[in-house]
Each structure stands twice: as C-alpha cells, then as structure tokens.
Number of protein chains: 2
Amino acid sequence: MVKTSRRQRSAPTIIDVAKRAGVSPMTVSRVINGENNVRPATRELVNSAISALNYAPNPAARSLAGAGQSRIGLLYSNPSAGYLSEFLVGSLDQASRRDVQLIVERCEPGDHEIEVARHLIESGVDGILLPPPLCDSPALLRLLAEEQVRAVLVGSAVPPAGQLAVSIDDCQAAYAMTRHLLGLGHRRIGFIKGNPTLKASAHRYAGYCSALEDAEVVLDLELVAPGLFTYRSGLDAAEQLLDLADAPTAIFAGNDDMAAASVAVAHRRGLDVPGDLTVCGFDDTTLATTIWPELTTIHQPIADMSRAAVDLLVSAIRQQSPPDQRHCVLDYTLIRRQSDAPPRRRPHSAHP
Amino acid sequence: MVKTSRRQRSAPTIIDVAKRAGVSPMTVSRVINGENNVRPATRELVNSAISALNYAPNPAARSLAGAGQSRIGLLYSNPSAGYLSEFLVGSLDQASRRDVQLIVERCEPGDHEIEVARHLIESGVDGILLPPPLCDSPALLRLLAEEQVRAVLVGSAVPPAGQLAVSIDDCQAAYAMTRHLLGLGHRRIGFIKGNPTLKASAHRYAGYCSALEDAEVVLDLELVAPGLFTYRSGLDAAEQLLDLADAPTAIFAGNDDMAAASVAVAHRRGLDVPGDLTVCGFDDTTLATTIWPELTTIHQPIADMSRAAVDLLVSAIRQQSPPDQRHCVLDYTLIRRQSDAPPRRRPHSAHP
DNA sequence: CGCCGGCATGTTAGCGATAACAGCATAAGG
DNA sequence: CCTTATGCTGTTATCGCTAACATGCCGGCG
C-alpha cells in the first residue's frame, strides 16, 4: 500500500532552521515573511540555513496561526435547474485554487432571505456570492451593506455603482438573438418578458427593442407579452401571442422555461416547431436540451462567471487588487439548436 | 477599520459547537470524523449544534493536527436535470464536514468513461463517488476493482455484493406509486420503462408489476412502453400508449422527463391532465415543478444520499468504521401534486 | 550620569484540530 | 457481590507557525 508518500521523514520545521542558524524561530519567521526589521547579516544566516535544509514552510500551520483562512458563502434560492450545478462546479474549483472555504447555504422558497443571509453572516463568512435571483433583492443588499459584508452579484444586469459584480450583457445578448431571428426572415417576432423584479428582464427586453429598431421593424406592443420567468407564466403568454389575429412567426422568450412553455402551447395547437413557429429561449438551462425540439438559446458561461466571482471576492477580502475592475462582464454565446427556422409564409412586405 | 479584530466575528470553532451541544470538543471531533463509537443521541445533539452554528471544520487546523487530507473524486456524466446540483450540494457539504477535498470531473457525452476515470485516479484520489448513470457501468467498475480504488455507487438499485452503495428502494417506491394510482380508481395504468442499461429501470418496472398483481389487476403488456429516460423517448412512448384502442387512464413514467413528455403529448391531443389522463413521474427533478400541471412523483433525498455516500467513502478510506453497513438504503417520498386524479370514465368492471 | 526611545531579537501563548491516553459508567462474568 | 471487559466521553499534549508582548542593546538628551 502506498501511503501518501508525503509522510516521509518529517520535513524540516522552522525550529530546525532556527537551530541551524543559531537564532530563534521567530527570527526565521520574520525572514520568511520578508519583514524589514531584521539585520541583513542575520537574514543571510537564516537564508543559508533554509537552503541548506531545503526548508519550506507548512501552509496549514501558517494559515492556522496567521491571518487565518477566509471563508466565503454562497447563498442561493431558486436558480433554474442546471444553473446551480454549473455555478457550484465553477466556484468550488476557484475556491480551492484560492484557498478559501466555500459555505453553501440554500434559501428555501418559504424562508425569508434576510434570515438565511443573517445566519450565513453570523456564521462568520468574509463575503458572499449571490447568484440570481437573490442578486436583485434590495432588502438583501441593504442588509449586506449594513453588516459591511462584501458580496459579489452574479447575473444582475446593472449592479449598483461600486458593487462587485459579474454578468453577461443581457441587453446585447437579446439584441443578438433578435437579430438572429430577423436574419432568418422573421418580422413578427413575439417577446415574452421576464419577472419585472429582476433587472435582467428589462435589459433583455431593451435588447429586443433595440434590435428591431436597428432593423427598422416597428415595435408592435401587441407582440410583447408579460411573463414571470416561470413555465406557467410562459403558457399564458404564449396563448396570448398565438391568439393574435396576426400571430407572430417567432417567439423569443425571456428564458428557457417560458420558451419551453411556448413550445408546449404551439404543440397543443397543432403547430410544428420550428416549421410553423420558431421559439427561442435564454439561459441554456438543461431544460433547453431536455425538451423536443431542443431550444436555440443564449448560453451564459456560468462556471466561468462563478470562478470570476470567487476571484473578485477573494481579492477584495485580501485587499490585494484595488478596484481595477469591480464589474466583470463575460461573453455569452448564441447556441443554435432545432427550434428555429425561417418563417414558412412570406411575411407581409415591410416598407416600400 | 483595517483589520477585523481577530476575536470578533471569526468562524465558529469546534469549541463553540462543543459548548452549545454540552459535550467536549473531542466528542465533536469524533462526530465530524464519523467515528462509530458515539452514542446516537449525542451524535444527534452535536449535529444539530453544527448546523445551528453553520460550523465547518478548519482544514488547516485539521491537517496540522495530523489527519492528512484525503481527496475523493466525483465522476458524473449526464444526470437528469437538477440531480447534479442537489448531489453537489450534499457532497460538498459532507466533504467539508469530513475535510476531504472533492475533485469534480465531468464525463462529456463523447468521452470514454474509462479514460476520464483513469485520469481521475491518476490525479491521486483516494476514492470515487459514482452517481447514476455511471454507477451501472460494468467496465468502470472493473477498472476501479483493478486499480483498487474505492467507490460508492449512488442510485444503483442492486449493487454488487460488498460494494459500497447508497440508494433508495426503487422497486418499493414504484410499488407505492402504482398502488396510489390504483387507490384513485385507475385500472388501466400505462407504464413507460426506463433505459434498460440502468438497473433502476428494471426495479421500477418490477414494483409496478408487483403492485398490479397484489391488486389482482392483470398486467397488460400493451400498456408497457419502452423508454430511455429521455424526454424524446417519452414522447414516442406516450404516443404509443395513447394510440391504443383502449387507452390507459393513467401513465406512470419511469422518470420525470418522460412524464413531462407524456403531459406534452396529452396536451397535443387535447387531453386535460389530470382530468382526462393522470401522469406520474419518478425522481422529483426540478422539471417536475417546472411544467404545468406539476407532477406527482417520487422524491429521492438526493442531497442526503450524496452525504451518506461521502460518509461511506471517507470512513472506508480512513478505515475507521468497519463494513457495518456497506449498502445504505434511504427513504423515498411520494409527492402528490396536480397531475393525478381519479379516472373520469368508469373503468370497465374488472372481475366478477 | 541616568533615563528615554528605537531597533533587533527572544519568549509566551495561542490558532483549531486531533492522537493518545485516562476516567467512568454500565454490562458481563465468576 | 466483586472483578474484568466494554463502551462512551473527557484531558492533556502537541502539530508548525506567528501575533503580541518582553528583553536587551545602542545612542542621544537633559
């Protein structure tokens, strides 16, 4: 059996070095940490003892005795299915690289987010990671500000000034998707808005509007349906859009859940997707590839975002990196799958 | 304030937990390390103190004090939506409690699982966690046996003898669900089988058959459709079942994805769920509560299962707890939501 | 001359956890 | 009924390192 090979002849300690250099362990420590109040001659002595013994400080002991390892919390409430797992994978990875401990805490639907957050804070974390939808809770942000706990908002489209944040550009992504649909030839493009309490909703809508405008397609408010990011709300919105006398040839839903609902409604009405109706989503959750046809959607690099978030937070905690970039914007990807196609009927000719 | 005064809001220590639980720090340590010589009542006391304080052991102190830190791998390939995140939360939590480093490795659809597993082993893990569907890969198990790497199979219905494993009783759960449907008055109950390479499929089917038999309802093989646990396969299976001259009044799908597909097919045909057709799933993935109506399904305590798996693995690695229980079977829950109801039409009278 | 202040260094006391052993009930055995 | 096992649980002593304080040594000042 190959016991962990590291346990060989116990490595030299700071005491071995101290003896050999004829000084006290403390002086060795000072030399190691580059403190400037050691006489050059002594420093030299210690240094040579160190290299003679091939000494390396024990990081565990170091963090135990010293500044202590920092811990960061991850507070999540109800992200869509695949979001959390990706987020976890990324933050875990980075947390271990940066040598911080990650405490994961869930806010159950019934819980009051404030209570849970307070619990986390009281448990002594030095900072908190807030993936959506918690990143847009004003009450939570207020609490964090009061308690002076640092936080990184992930996925919030427009974080308050100075707030640490990581996100994609929701507006630009929605713009790209709308442009994609326009490129396929669609002119009547329905849009299902998301939960108005989340800032991302407004931004995605803005991207949609802006793309239409740039393509000189007039925005028809009939084609814009309200939604809440839930499947259920998507059902209602899709019904509303498809009930229109001049129904859209494509529906761009504010997220995958509502897009999936739109597909369901289309099927219920005997419409083929994408033959009779193009449907696109946003987020690229697992739902997007679970249903049939698989959804064309916007993919967020969630794992990378969470990695970036951990980095930002740790740097802030250790005060290593000044605010050279408090808000980190990563790139999205438009993923094309089977739910989009050019419109079957020629659209009404647009302008002369 | 430049630095948080060291004493103020530091993380809770083993001593805080000990005080709160009214025991000595040593006992807490024993609980954390899963040593088996602690009275269950005491263990419970300590555990609740741990979660109340949101305590996590300081890895630095631990490795300093002796216990060399071990690492375990989590190898996953393609669990259904939501499974992974729950699994991660549970295993993370327990990994941090037990102070093992969790190395997460994904096996992409194209990858050969053997290669990925070998990579993980070579990176020096002391054991591997195998959630479904990898837990049922014979080739993988063979490799692990050869390499003498310990593994815990999670979700495999009948693990090889002596293999570390955690699961629920799939057969019994399917039995309970079928019984539930019979209790509602259904007699023609369709069943969609799962991927035949996974042992859970056969067990769920066995539970279904056994419940019918006990209720003296003859098993009609017409009502049993093949499936693969994918949404797509559920679509085909549901079409097949609903095409039947004497169609079922209820469909029990082998998992939630296929149940969701069944709901979609029903809607496409203008059937109301649950008014015209009852649909039940299995697994209680997030999909179950995403769609409408929300699915009645079987809930597995995935987070607890992964916690148990980590425990089992760590204990085996540290050789602290003998094989007092190599296969840990946890309880499932039948969750009733909106997708089931008594059959609308009186079923054909059964027997004289 | 003697006291002060500043620098280089040594001492002491933990950091948070565990190993090893010591106690102390309770159960088993004679 | 007393002794020897057999759990559980508590004590003590570290692990390697570093804050915080204590010491000794020097020159400068009144």
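Throughout, a chain's letter reflects where its sequence line sits, starting with A, and its residues are numbered from 1.
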Response to the item:
5'-most contact on DNA chain C (nearest-nucleotide basis), A:V23 vs B:P25, goes to A:V23

Worksheet entry | Check: B:R307 and B:D93 side chains under 4.5 Å, non-hydrogen atoms | yes

Worksheet item: Nearest to the side chain of A:R39 - D:dT18, C:dA8, C:dC15?
Response: C:dA8

Response to the item:
Out of D:dC17, C:dG16, C:dT9, minimum distance to the side chain of A:A65 belongs to D:dC17

Practice prompt. Could you check how far CG of A:L64 sits from P of C:dG16, rounded to whole Å?
Written response: 7 Å

Response to the item:
Checking D:dC17, D:dT18, C:dG10 against the side chain of A:T13 (C-beta onward), the nearest is D:dC17

Discussion item. In whole Å, I'd like the distance from the CD1 atom of A:I15 to the P atom of C:dT12.
Written reply: 13 Å

Practice prompt. Find the distance B:R43:CZ to D:dT9:P and express it as a whole number of Å.
Written response: 9 Å

Fill in: Rounded interatomic separation in angstrom, taking CG from A:N37 and C1' from D:dC21
14 Å

Worksheet item: Which comes earlier along DNA chain D counting from the 5' end, the contact point of B:A61 or that of B:M26, where each point is its nearest nucleotide?
Response: B:M26

Worksheet entry | Atom pair distance, as rounded to whole Å: CZ in A:R30 and P in D:dC21 | 14 Å

Worksheet item: Quick one: which of C:dT18, D:dC17, D:dT9 gets closest to the side chain of B:I14?
Response: C:dT18

Fill in: Criterion side chain to side chain contact (heavy atoms under 4.5 Å, CB included) on B:L75 and B:V116, from CA distance to verdict
CA-CA 8 Å; B:L75 183 59; B:V116 184; 3.6 Å; yes

Worksheet item: Side chains of A:R118 and A:E147: does their closest heavy-atom pair fall under 4.5 Å?
Response: yes

Worksheet item: Between the axis at one end of the helix from C:dC1-D:dG30 to C:dT26-D:dA5 and the axis at the other (five pairs apiece), what's the angle to 10 degrees?
Response: 70°

Fill in: Salt bridge present between A:D126 and A:R150 (N-O < 4.0 angstrom)
no

Worksheet item: Hey, does A:S24 reach any base, or is it just sugar-phosphate, or nothing, if we go heavy atoms under 4.0 Å?
Response: base

Worksheet entry | N/O (side chain, B:T27) to phosphate O (OP1/OP2, D:dG10) under 4.0 Å | yes

Practice prompt. Counting heavy atoms from C-beta on, name the nucleotide in D:dT9, C:dA17, C:dG10 closest to the side chain of B:V38.
Written response: D:dT9

Worksheet item: Do A:H327 and A:L164 have side-chain heavy atoms sitting under 4.5 Å apart?
Response: no

Practice prompt. Would you check if the side chain of B:S167 reaches a backbone N or O of B:G155 as a donor-acceptor pair within less than 3.5 Å?
Written response: no

Discussion item. I need the CD-P distance between B:E35 and D:dG10, as an integer number of Å.
Written reply: 14 Å

Discussion item. Taking 4.0 Å as the cut-off, does a side-chain nitrogen or oxygen of A:S29 come that near to OP1 or OP2 on D:dC17?
Written reply: no

Fill in: Over 12 foreign heavy atoms within 6.0 Å of CD1, B:I114
yes

Practice prompt. Check the distance between C:dG10's C1' and A:K19's NZ and give it to me in whole angstrom.
Written response: 16 Å

Item to complete: Mind checking the CG-CG spacing from A:L134 to A:L153? Nearest 0.5 Å is all I need.
Response: 9.5 Å

Fill in: For atom CG of B:N58 and atom P of C:dG16, their distance in whole Å
7 Å

Discussion item. Taking only side-chain N and O atoms of A:T42, does any of them lie within less than 4.0 angstrom of OP1 or OP2 on C:dA8?
Written reply: no

